[in-house]
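None of these values were measured; they are calculated from a predicted model.
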Amino acid sequence: TVVRHGMMLVGPTGGGKSRVLRVLQAAMSRVENDPNFDKVRVMAMNPKSITMNQLYGAFDLQTGEWTDGIAAVLIRHMSQPDTEETGVTLEEL
């Protein structure tokens, strides 16, 4: 499974950003008989509302432990949506 992140749509309010995203998502999900295309799942979030450590994860120098950030958790869940950890089934995606 290939998981990509980091896409950004920029434009004015009412400029059609959400519509463009949904049309592209639907078009890529409907490509059949091509191993380069899979069902496209989108999870939107506002990275300005959290810190960089919360978004990507952080290493605690005192304990030597790594704490996953939100992006790492979302990517893991999207690449393995049927795991017991996520509680998400393919039918829900």
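Counting all heavy atoms, side chain and backbone alike, L9 lies closest to K17 at CD1-O, 3.2 Å. Between Y56 and W66, the shortest heavy-atom contact is O-CZ2, 3.6 Å.
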Expected list for residues 23-30: side-chain donor-acceptor pairs under 3.5 angstrom, two or more places apart:
residue, atom, partner, partner atom, Å
Q25, OE1, R22, NH1, 2.9
Q25, NE2, V40, O, 2.9
S29, OG, Q25, O, 2.9
S29, OG, V40, N, 2.8

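Linking Ile, Leu, Val, Met, Phe, Trp and Tyr whenever their side-chain heavy atoms come within less than 4.5 Å puts L74 and M52 in one cluster.
Between atom CG of residue L55 and atom OG of residue S49 there is a gap of 9.0 Å, rounded to the nearest 0.5 Å.
The side-chain hydrogen bond (donor to acceptor under 3.5 Å, both in side chains) search around T51 returns Q54, not counting sequence neighbours.
Hydrophobic cluster membership for V20: none, as no Ile, Leu, Val, Met, Phe, Trp or Tyr side chain comes under 4.5 Å of it.
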